[in-house]
Amino acid sequence: MKMSNLFVQTLRDYPADAEVVSHKMLVRAGYIRKLTNGVYTFLPLMWRVIKKIENIVREEMDASGAQEILMPIVQPKELWEESGRWEVYGKELMRFTDRHDRMLALAPTAEEVVTWVAREGIKSYRQLPVNLYQIQNKYRDEIRPRFGLLRGREFIMKDAYSFDADQEGLEKSYEVMAQAYTRIFKRCGLDTRMVRSDSGAIGGSLSHEFMVLVETDSGENDVLYCDCCDYASNTNHAQTQPVPANTDGGFSKCEVVSTPNIKSIEDLSAFLKVEPSVICKALVYIADGKPVQIMIRGDQSLEETKLKNALGANEIRIASSVEIAEYLGAEAGFVGLKNAKCRVIADNSVKDLKNFVIGLNEKDVHQVGANWGIDYELPELFDVRLSKAGEACPVCGKPLKMTQGIEVGNIFQLGTKYSSKMNAVFQDVDGNEKPFIMGCYGIGVSRTAAAAIEKFHDDFGIKWPKEIAPYEAILIPVNINDEEQMKIVNELYVSFQKAGIEVLMDDRDERAGVKFKDADLIGIPLRITLGKTLAEGLVEYKLRMTDETGKISPDKVLDFALDYLRKDRL
Ligand code: ATP
Ligand code: MG
């Protein structure tokens with residue numbers, strides 16, 4: 001493709017509304033254009049990248065034995081009622097009404113539809129296992145669709161669904177997908193960590209996320225990982241070992257002390273001259289409309305996803321001071337366990353507290369020297385604590401590190417969650433009806449492209465991994481009025497195309513500086529420049545990923561390019 005014909009407009013500046021690197025660069029380099037919040041047009045360069053990722057996904061999914069289908073984006077409400085998710089999916093589900101007043105939704109995912117497909121088409125265990133997948137647009141009315149392709153309201157997802165006759169089969173299907181995913185991301189030039197995760201709205205028991213660990217602040221997930229073993233986990237699921245601390249308040253008797261206007265853990269600890277780790281902190285949340293009180297050690301913080309799972313709630317939020325007064329008759333900062341008026345749970349961290357400090361549901365006083373079993377019953381215990389960097393790895397005990405991770409894929413063991421509710425059954429060997437044992441497996445295709453940029457870029461632009469770059473090489477004649485340059489560049493252009501290299505030629509009548517800037521910005525892996533060095537019979541090359549440069553004679557360029565671009569292809 002000649003640059004003079006390519007439909008691309010690079011911008012001088014980054015867009016003002018973009019917060020993350022990938023969004024900034026994709027807009028500035030002319031890959032995408034925003035139509036409305038979270039909804040983008042994929043311009044030619046972007047669409048080439050997307051198609052390359054899709055092809056890799058397709059090849060690996062096909063190789064794993066999965067079969068491609070295409071399900072509708074428009075899904076009827078009735079199906080979502082069968083699974084029970086019409087109610088619980090919440091505001092992210094984009095719903096609309098047709099002219100006959102029937103309610104429909106735009107697919108955020110396709111468990112319901114694929115379960116219907118299986119219910120209609122699979123009758124006997126002989127037809128199992130089956131894995132069906134599609135690459136299709138998805139729609140989610142995200143609260144903050146502000147990170148470009150990382151979090152769109154319309155985006156491209158590969159979603160696969162496995163159907164097995166038993167749990168053993170599901171585990172096999174799950175493992176096959178886990179391996180396919182690792183290969184898919186590797187071929188996209190991305191190292192991923194497979195981390196245990198929260199199953200969220202999709203549900204089911206076991207799930208893993210595939211995370212690209214990045215240094216940029218991509219606004220995505222905090223990931224705790226271990227350098228010494230394979231352990232890695234989203235912080236919303238991490239289960240680190242208990243944090244050692246002094247848990248004995250050392251008070252010789254249990255008594256009420258005056259703590260005028262002392263509400264925060266910090267102030268209370270300073271005022272009483274005790275460590276925060278001997279204070280039994282109370283937090284109040286509203287879970288699906290009802291108040292719940294959570295006790296946690298004063299030096300620890302709460303993890304909301306863990307809390308949501310512990311409570312089995314659909315929606316939680318922190319209670320306001322007005323709600324605390326209304327529901328508990330207490331003032332925020334003085335909440336305790338005395339005459340508790342709502343459900344109380346506790347984090348494991350409070351278990352070992354002795355002679356501790358706690359609120360009394362009474363303004364301006366706290367109790368010191370309290371003990372479980374004497375002053376209070378230990379509430380029901382859960383792990384709802386936020387794990388932090390430096391805490392001990394649950395596998396090998398070494399200190400964990402924290403980084404940002406972008407979730408590019410997610411795999412779930414669903415079991416019979418959908419098949420039971422939707423009565424999707426088959427006949428087993430003995431002729432009994434059984435619900436399918438299902439798994440589901442997603443890859444954010446458009447998010448993967450953005451994640452690659454978050455991982456690989458510099459101040460000048462994108463550094464595409466070779467296999468997903470929109471073009472593999474760019475030829476730049478410094479001066480298009482120089483006949484010698486144009487003769488050689490045209491020869492190279494033809495020979496690259498014949499060899500199957502996807503090549504751009506910058507034939508624009510622009511200054512060399514402009515051409516170099518654009519090549520760096522759009523991130524083409526191999527740049528060949530024809531300029532001054534032609535006098536010595538050489539052209540210059542530059543590898544975008546490593547910044548390596550060198551000179552080479554024109555008749556060696558093709559072999560050099562083929563070698564560099566194809567050598568470690570999986
Ligand atoms: P997140 O937690 O990031 O909102 P999710 O866990 O809800 O994502 P899944 O239901 O697991 O997402 O969807 C499968 C994959 O689709 C995700 O791993 C991710 O790569 C991609 N994806 C999900 N939501 C979006 C979005 N709004 N924009 C782009 N890609 C997305
Ligand atoms: Mg997910």
Side-chain angles (χ1 to χ4, degrees), residues 57-58 60-71 75 79-85 88-89 107 109-136 157-184 192 194-210 230 233 237 239 309 312 409-443:
V57 168
R58 213 169 250 129
E60 295 299 332
M61 290 302 294
D62 289 348
S64 80
Q67 300 173 57
E68 187 169 3
I69 60 175
L70 188 66
M71 290 178 276
Q75 307 181 343
L79 219 44
W80 281 76
E81 281 178 332
E82 285 189 38
S83 73
R85 285 208 298 181
V88 301
Y89 208 93
T109 169
E111 282 79 14
E112 283 78 3
V113 176
V114 81
T115 304
W116 165 81
V117 169
R119 182 170 76 191
E120 299 297 309
I122 305 174
K123 303 291 169 201
S124 156
Y125 72 95
R126 290 195 194 85
Q127 293 168 275
L128 299 174
V130 175
N131 186 331
L132 301 174
Y133 80 97
Q134 65 171 351
I135 301 177
Q136 174 67 292
M157 192 205 284
K158 186 285 299 178
D159 42 329
Y161 306 87
S162 65
F163 299 86
D164 278 281
D166 51 31
Q167 177 65 22
E168 200 187 332
L170 167 61
E171 280 166 24
K172 225 180 265 167
S173 301
Y174 192 77
E175 181 54 32
V176 168
M177 280 297 104
Q179 282 171 12
Y181 273 38
T182 307
R183 262 184 80 81
I184 286 169
T192 46
M194 180 168 149
V195 312
R196 266 303 296 270
S197 62
D198 161 57
S199 293
I202 307 271
S205 51
L206 185 69
S207 67
H208 285 89
E209 288 167 349
F210 284 76
D230 270 350
S233 181
H237 202 88
Q239 291 169 327
N309 290 340
N410 209 175
I411 57 177
F412 301 84
Q413 290 191 10
L414 295 172
T416 58
K417 176 173 165 166
Y418 294 88
S419 49
S420 298
K421 284 200 179 128
M422 296 180 64
N423 196 30
V425 294
F426 66 97
Q427 281 205 340
D428 73 2
V429 197
D430 307 317
N432 300 319
E433 278 196 343
K434 281 209 174 131
F436 298 112
I437 314 289
M438 291 172 56
C440 76
Y441 316 91
I443 287 183

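Residue numbers run from 1 in the order of the sequence given. Atom set for the values below is all heavy atoms of this structure, side chains included, hydrogens, waters and symmetry mates excluded. Computed from a prediction, not measured in an experiment: that's the story for all the values here.
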- Query: Would you find a donor on one side and an acceptor on the other, under 3.5 Å apart, between the side chain of Ser83 and the backbone of Trp80?
  - Reply: yes
- Heavy-atom neighbours of Gln67 CD exceed 12 at 6.0 Å: no
- Query: Could you state the interatomic distance from CD1 (Ile437) to CG (Asp164), rounded to the nearest 0.5 Å?
  - Reply: 8.0 Å
- Item | Residue pair Cys440 / Tyr161: nearest heavy atoms and the distance that separates them | CB-CD2, 3.6 Å
- Query: Near Glu433 CD, under 6.0 Å, is it more than 12 heavy atoms from other residues, nucleotides or ligands?
  - Reply: no
- Message: Walk me through whether Glu111 and Lys417 qualify under salt bridge (Lys or Arg N to Asp or Glu O under 4.0 Å).
- Response: CA-CA 10 Å; Glu111 282 79 14; Lys417 176 173 165 166; over 6 Å; no
- Residue pair Gln179, Thr182: steps toward the side-chain contact (heavy atoms from CB on, under 4.5 Å) verdict: CA-CA 5 Å; Gln179 282 171 12; Thr182 307; 5.6 Å; no
- Message: Within this structure, what is the CG-CE distance for the pair Asn131 and Met438, rounded to the nearest 0.5 Å?
- Response: 10.5 Å
- Item | Side-chain donor or acceptor of Tyr441 paired with backbone N/O of Ser162 under 3.5 Å | no
- Query: When rounded to the nearest 0.5 angstrom, what distance separates CG in Asn410 from CG in Asp159?
  - Reply: 12.0 Å
- Assign the ring pair Tyr181 / Phe210 to parallel, tilted or perpendicular, where the plane angle (0 to 90°) is split at 30° and 60°. tilted
- Would you check if the side chain of Gln413 reaches a backbone N or O of Leu206 as a donor-acceptor pair within less than 3.5 Å? no
- Where the side chain of Arg183 meets the backbone of Glu60, is there a donor-acceptor pair that is under 3.5 Å apart? no
- Gln127 side-chain N/O to Ser124 backbone N/O, donor-acceptor pair under 3.5 Å: yes
- Item | Where Ile135 and Leu70 come nearest, the two heavy atoms and their spacing | O-CD1, 3.8 Å
- Item | His208 NE2 to Ser233 OG distance, which is reported to the nearest 0.5 Å | 9.0 Å
- Query: Where the side chain of Glu68 meets the backbone of Met61, is there a donor-acceptor pair that is under 3.5 Å apart?
  - Reply: no
- Please examine the side chains of Tyr133 and Asp62, heavy atoms only from C-beta on, and report whether any two atoms are closer than 4.5 Å. yes
- Message: Treating Gln75 as the side-chain partner and Thr109 as the backbone partner, does any N or O pair qualify as donor plus acceptor under 3.5 Å?
- Response: yes
- If you take all heavy atoms of Ala424 and Thr115, which pair is closest and at what distance? CB-CG2, 3.6 Å
- Query: Going by heavy atoms in the side chains, are Phe426 and Arg126 under 4.5 Å from each other?
  - Reply: no
- Message: Just verifying a value: how many Å separate Arg119 CZ and Trp116 CH2, rounded to the nearest 0.5 Å?
- Response: 9.0 Å
- Task: On the 0 to 90° scale, with breaks at 30° and 60°, tag the Phe163-Phe436 ring pair as parallel, tilted or perpendicular.
- Result: perpendicular
- Under 3.5 Å: donor-acceptor pair, side chain of Asp428, backbone of Asp430: yes
- Message: Rounded at 0.5 Å granularity, tell me how far CE in Met422 sits from OG1 in Thr416.
- Response: 13.0 Å
